[in-house]
Every structure is written in structure tokens, then in C-alpha cells.
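As C-alpha cells, the structure follows; a few thoughts come after it.
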There are 2 protein chains.
Amino acid sequence: MTDRSVIVVAIMLRLSRSRKTPTRRASRRKRAVEAARAAAVPASASRKVRTAERRDAILSAALDEFSTRGFEAARLDDVARRAGVAKGTIYLYFRDKESLFQELIRAMLTPLVGTIEALGEAELPLPALADRIVELFVREVYETRRKDVIRLMISEGRRFPKLAEFYYREVLERIISAVRSLLRRAAARGEVPEGLAEFPQIIAAPGLVAIIWSGLFERFEPLDVRKMMKTHVELLFAPRRAT
Amino acid sequence: MTDRSVIVVAIMLRLSRSRKTPTRRASRRKRAVEAARAAAVPASASRKVRTAERRDAILSAALDEFSTRGFEAARLDDVARRAGVAKGTIYLYFRDKESLFQELIRAMLTPLVGTIEALGEAELPLPALADRIVELFVREVYETRRKDVIRLMISEGRRFPKLAEFYYREVLERIISAVRSLLRRAAARGEVPEGLAEFPQIIAAPGLVAIIWSGLFERFEPLDVRKMMKTHVELLFAPRRAT
DNA sequence: CTAGATAATGACTGACCGGTCAGTCATAGT
DNA sequence: ACTATGACTGACCGGTCAGTCATTATCTAG
């Protein structure tokens with residue numbers, strides 16, 4: 001999703017948020033759609049720009065619908081309404097429902113790789129590293145819609161083996177090997193225990209738990225993600241007595 | 001799911017596994033169903049026993065179907081076929097699809113609470129405790145169909161707030177408070193750091209990651225759960241230098 | 001201004017599936 | 001042996017929704 005259009009999309013979402021009963025009042029719907037489109041796309045915008053914005057609007061709407069209803073239960077009609085677009089339009093931008101889903105995950109998660117690889121390059125002293133890891137997760141994932149995308153990947157990934165493979169090859173594998181080499185270098189300096197480098201997943205584990213928790217149990221018992229992750233990495237990185 | 005019927009169910013699953021195209025050949029289907037039933041329930045079995053076994057067979061079949069297709073996409077027709085039963089029969093045992101799902105989770109996860117609370121009571125020395133935690137997870141969850149149920153809860157829980165609440169109140173909350181008081185006592189003795197008791201989720205985090213991983217990425221990169229969990233708890237419980 | 005090109009629409013279709021219920025038949029009771 | 005019972009069946013119904021395509025709107029080049 002291009003940054004440029006985030007605000008635009010936000011406006012659209014507000015406009016089309018109110019739930020409607022599924023009556024077939026075409027005229028009322030038409031007005032709503034026109035209002036949404038007017039807000040989203042100034043008449044002056046060139047075709048190229050409009051096209052990109054529509055794509056983004058559809059992706060953004062799809063994320064909302066998939067997140068709240070799940071992939072199967074989400075209706076493309078609702079995605080279209082939310083995006084201020086007719087259902088047929090979705091098929092001008094995406095081959096089918098499934099490839100819409102794939103594009104969504106591709107677009108949101110791929111950029112993470114660079115960010116984390118950059119973190120691996122910088123040779124930071126341990127306590128600073130701990131902070132950076134926590135802040136990066138909280139700011140770039142947890143406080144972002146990426147949280148929802150990851151939740152989606154966790155929930156639905158199993159039924160899309162192709163997508164799982166793409167995600168593993170293009171995202172996970174790279175992140176893991178970046179973190180692993182980072183940990184190995186720190187271990188060589190005696191800063192972190194050897195075992196940790198074998199399972200970089202351990203570093204991320206509380207982050208994933210927080211994502212799952214926020215979707216299921218937040219309303220019963222809120223969870224301070226930043227504090228949990230801080231506690232965790234500090235325990236892992238803490239200097240220990242020689243055995 | 002009663003233990004007694006596990007083998008029976010396994011046999012049934014084998015018998016009804018072969019996929020059929022959805023032709024309407026009633027007679028062929030009928031024979032298959034009868035064969036399955038004959039294998040599952042000896043004619044001599046009393047009505048009560050048969051009833052319990054059918055319930056279990058349906059739950060077992062539902063777990064398979066829900067696990068592989070997801071709740072929405074799973075067809076009750078397939079659950080029935082897998083259980084060697086007609087679709088209507090399901091409705092004699094469960095009110096609807098959703099309550100079948102709820103019963104499944106209820107039945108499989110509730111027993112865990114007692115086991116873990118017992119672990120909390122026993123005052124074990126630290127290294128033994130670490131081992132017990134790991135073994136308990138691996139043997140009672142990871143190598144069990146409970147793994148699939150938890151995966152299901154993670155994937156679908158969001159769309160069943162009632163179920164999420166039940167699970168939180170009856171399972172999670174109890175487990176968390178048991179583990180927390182265990183950790184607090186250990187912290188008081190200076191055996192584990194204070195911060196850990198505030199976030200018992202941290203202990204379980206790698207286990208959850210392993211469950212997710214096994215569903216999505218096992219085929220690309222297998223993960224040694226036991227070793228990862230062992231590494232993790234030992235890092236957390238390791239004696240550390242005074243700061 | 002207009003014609004031709006391109007984009008967007010939304011009514012429609014056909015497949016699909018949860019849930020129902022009238023009818024069947026194995027079993028229990030006498 | 002002969003019912004009475006209720007467990008079980010599966011064809012069917014109604015609603016839903018992904019995907020299509022004939023029609024309409026919008027844009028742009030000349």
C-alpha cells in the first residue's frame with residue numbers, strides 16, 4: 001500500500017463504515033459510492049494516479065474485511081462497498097479473491113525485510129540492540145496494520161500453501177538468517193549465550209503471542225507488549241554467571 | 001473425546017478416507033457407511049455406548065475437517081462422511097455447526113487445566129521444573145491432537161467471541177495464574193528473575209510459535225520443538241550475575 | 001467537439017452448503 | 001413374536017456469494 005494514499009483511504013473508510021442492512025436500495029447506495037469516490041479521487045487526478053489509488057483502496061478495504069470476517073466469510077461485495085467501488089472493479093485489478101489476498105500480504109510484509117536486515121548490519125552495543133529490537137517490532141508491526149496482516153497470515157496461511165511458501169522464502173527466511181548472524185556475532189563476543197543463535201524464533205515469540213492475544217483476549221486482560229518484549233530480551237541478553 | 005474410542009475412530013477414518021466425486025450414487029455411499037458403522041460399533045454394543053462413540057466419531061471427524069479446511073470452508077457433509085454417519089445425525093448430537101466447534105474445543109482443552117495446576121503445586125527444584133514444563137508441553141500438547149485444537153483456537157477464535165471468553169475464563173486464566181504463582185514463589189527464593197512472573201505468557205511463547213510453525217513452514221524448515229523450548233527455559237532460568 | 005478507447009458498473013447466474021423433516025428400520029421391552 | 005420407540009437417513013429448500021458480462025460512464029487524442 002503506497003504511503004501517499006493512506007490518508008485518502010482512511011477518509012474513505014470513515015465514509016463507508018456505517019453498516020447497512022443488505023437491502024437492495026440501489027439509489028441510496030449509488031449516492032454513497034459517489035460521495036466516497038469524490039473524496040477519494042479528485043477529478044483532476046491523472047489516470048495512472050487514480051488507478052494506483054483504487055488499487056490501494058481495494059487492498060485496504062480487503063484487509064479490513066478479511067481481518068474481521070476471515071478470508072472465507074468475507075464478502076467481495078463488502079470489500080467493494082468499503083472501497084467505494086463496484087464489485088466488478090475488483091476483478092479489473094485482481095484475478096480473483098485469492099490473489100487479492102496474496103497481494104495484500106505481499107505488499108504489506110515484504111518491506112519489513114530491508115528494515116530488519118539493516119538492523120543486522122549496524123553493530124550496536126547490546127542494551128541498545130535490545131531497545132531497537134523492541135521498538136522496531138512495536139512501531140513497525142504492532143502499532144501498524146501489519147499486525148493484522150500477520151494475524152491473517154497465521155490464521156489463514158495453512159490453506160494457502162503457495163502463499164506460505166512465498167512468505168517463507170521472501171520474508172521469514174531472510175529475517176531469520178539476518179537475526180541469526182547477528183546473534184552469532186554477539187555470541188562470539190560472549191555477549192549472548194550460544195544456544196540462542198540456533199533459534200532466532202525465540203526472540204520474536206512474545207511478539208507473536210502479543211499479536212494473537214490482542215485479537216482474542218485483549219478485552220479481558222490487556223497486555224503491555226512493549227514491557228513484555230523488553231522483559232523478555234533483557235532476560236535473554238542479561239549477563240549470566242559462568243556455569 | 002473418550003480414550004476408549006480413539007482406535008475405533010482411527011479405523012473409521014481409514015475406511016472413509018478415500019475422496020469421492022460428489023455424484024449422487026446413494027447405493028455406493030450407503031454401503032460405505034454401513035461398512036464403517038460395522039467396523040466402528042459391534043452389533044452387541046448397547047445403545048448408550050454406541051451413542052457415546054458416535055459423538056466421539058463426529059468430534060474427531062470435525063477436528064480433521066476444521067483443521068484442514070478451516071471452520072467456514074469445512075463442509076458438514078464431509079464431517080458426516082468421515083464419521084460414517086449421515087449429515088442429519090450430526091444435528092442429533094449438536095445444535096449447529098458452531099456449537100459442534102465449541103464442543104470440540106471445550107472437550108479437548110479443559111483437561112489441561114488440572115494437569116498444569118498440579119505442576120504448580122509440586123515444589124520442584126528449578127532444573128527439574130524446567131524439564132517438566134518442556135515435557136508436559138511436548139507430550140500433552142505438541143504430540144497430540146490438542147496441537148490442532150489450539151491452532152484452531154488461534155485461527156478462528158477471533159470470530160467466536162463467546163468461545164474466546166469461555167476459553168479465557170475456563171482455561172487460560174487458570175493456567176496463567178497457576179504459572180504466575182509458581183514463578184512468584186521461585187522469584188521469592190531468588191531462583192528466577194522478578195520480571196518473569198509478570199508475564200507467564202513468555203514461558204509458553206515458543207510453544208505457540210512451534211504450533212504455528214508446524215502448520216505453515218515445517219516442510220521448508222523442520223523445527224525441533226523440544227530443543228527450542230529447552231533452550232528457552234534454560235536461558236530464562238539460568239543463574240545470572242547480580243547487576 | 002467528437003469518436004474511439006478505456007474504465008467502471010451492478011444485475012445476473014450457477015454452484016454450493018447449512019439446516020430441516022418425513023420417512024425408515026434396528027433395537028428394546030413385553 | 002410383536003409392537004413401540006427413537007436413532008438415523010438423505011433429498012430437499014432457501015439463502016448466499018464468487019465471478020461474469022452487457023451496458024453505461026469517463027477520458028483523451030485529434
Side-chain angles (χ1 to χ4, degrees), chain A residues 21-34 36-38 40-55 57-58 62 65-66 69-81 83-101, chain B residues 21-34 36-38 40-55 57-58 62 65-66 69-81 83-101:
Chain A
T21 52
T23 52
R24 297 275 149 188
R25 315 295 271 116
S27 63
R28 200 198 304 166
R29 178 126 109 253
K30 197 157 195 173
R31 259 186 285 123
V33 166
E34 272 158 13
R37 181 151 66 243
V41 183
S44 63
S46 79
R47 254 185 178 175
K48 257 233 184 95
V49 172
R50 283 185 48 148
T51 292
E53 279 171 353
R54 289 230 140 155
R55 214 186 115 93
I58 292 168
E65 291 295 330
F66 288 160
R69 322 283 260 231
F71 175 80
E72 286 279 348
R75 277 161 290 170
L76 251 17
D77 262 321
D78 289 343
V79 173
R81 184 147 53 246
V85 136
K87 185 161 65 152
T89 307
I90 293 175
Y91 287 85
L92 300 176
Y93 291 86
F94 304 95
R95 201 174 55 267
D96 55 16
K97 196 185 181 186
E98 186 170 330
S99 84
L100 169 60
F101 182 60
Chain B
T21 53
T23 54
R24 296 274 150 189
R25 317 294 271 117
S27 62
R28 199 199 304 164
R29 179 125 109 254
K30 197 158 198 173
R31 260 187 284 122
V33 167
E34 271 157 13
R37 181 153 65 243
V41 183
S44 64
S46 77
R47 244 165 157 143
K48 255 233 184 95
V49 172
R50 283 185 46 151
T51 292
E53 280 171 351
R54 290 233 136 151
R55 213 187 116 92
I58 293 169
E65 291 295 330
F66 288 160
R69 321 284 260 231
F71 176 80
E72 285 280 348
R75 277 162 290 169
L76 251 15
D77 263 322
D78 288 343
V79 173
R81 184 145 55 246
V85 136
K87 186 162 65 154
T89 308
I90 293 174
Y91 288 85
L92 299 176
Y93 291 87
F94 304 94
R95 198 172 57 266
D96 55 16
K97 198 185 182 188
E98 187 170 330
S99 86
L100 169 59
F101 183 60

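Here is the naming used below: chain letters follow the sequence lines, and residue numbers restart at 1 for every chain. Both backbone and side-chain heavy atoms feed into the values below; hydrogens, waters and symmetry mates do not. The model shown is predicted, which means the values in this text are computed figures rather than measured ones.
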Atom pair CZ (A/Arg55) and CG (A/Leu92), whose distance is rounded to the nearest 0.5 Å:
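The CZ atom of A/Arg55 sits 12.5 Å away from the CG atom of A/Leu92.
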Heavy atoms of B/Ala57 and B/Ala83 approach each other most closely as O-CB, 3.7 Å
(request) Looking only at non-hydrogen atoms, find the nearest pair between B/Glu72 and B/Lys97 and report the distance. (result)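 Here B/Glu72 and B/Lys97 meet closest at O-NZ, 3.1 Å.
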Whole-Å gap separating [atom2] ([N]) and [atom1] ([X]):
X       : N      : atom1 : atom2 : result
B/Glu72 : C/dC17 : CD    : C1'   : 11 Å
A/Arg75 : D/dG19 : CZ    : C1'   : 16 Å
A/Arg50 : C/dT6  : CZ    : C1'   : 12 Å
B/Asp78 : C/dC16 : CG    : P     : 12 Å
B/Arg55 : D/dC8  : CZ    : P     : 13 Å
B/Ile90 : D/dG10 : CD1   : C1'   : 12 Å

**Message:** Need to verify one output field. Residue with the more 5' nearest nucleotide on DNA chain D, B/Thr89 or A/Ala73?
**Reply:**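 The answer here is B/Thr89.
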**Asked** Under 4.0 angstrom, heavy atoms only, what part of the nucleic acid is B/Ala80 near: base, sugar-phosphate, or nothing?
**Response** nothing
message = So B/Ala74, base contact, sugar-phosphate only, or nothing? Heavy-atom distance under 4.0 Å.
response = sugar-phosphate
Under the ring-ring contact (aromatic ring centres under 6.0 Å, His included) rule, collect the residues that match up with B/Phe101, sequence neighbours excluded.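 Result, ring-ring contact (aromatic ring centres under 6.0 Å, His included) vs B/Phe101: B/Phe66, B/Phe71, B/Phe160.
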Side chains of residues 84-91 of chain B: which donor-acceptor partners sit under 3.5 Å, not counting sequence neighbours?
| unit_1 | atom_1 | unit_2 | atom_2 | d |
| --- | --- | --- | --- | --- |
| B/Thr89 | OG1 | B/Ala86 | O | 3.3 |

Of C/dA7, D/dC27, D/dG10, the nucleotide closest to the side chain of A/Leu92 is C/dA7
Write out a two-atom table: protein N or O, nucleotide N or O from nucleotides 19-22 of chain C, distance below 3.5 Å.
| unit_1 | atom_1 | unit_2 | atom_2 | d |
| --- | --- | --- | --- | --- |
| C/dG19 | OP2 | B/Tyr91 | OH | 2.8 |
| C/dG19 | OP2 | B/Lys97 | N | 2.9 |
| C/dG19 | O5' | B/Tyr91 | OH | 3.4 |
| C/dG19 | N7 | B/Lys87 | NZ | 2.9 |
| C/dG19 | O6 | B/Lys87 | NZ | 2.7 |

For D/dA7 and B/Tyr93 - does any side-chain N or O of the residue sit under 4.0 Å from the phosphate oxygens OP1/OP2? no
Contacts of A/Thr51 meeting side-chain contact (heavy atoms from CB on, under 4.5 Å) (sequence neighbours excluded), chain-then-number -> A/Tyr93
Between B/Arg69 and B/Arg75, is any pair of side-chain heavy atoms under 4.5 Å apart?
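A side-chain contact exists here, since the closest heavy-atom pair is under 4.5 Å.
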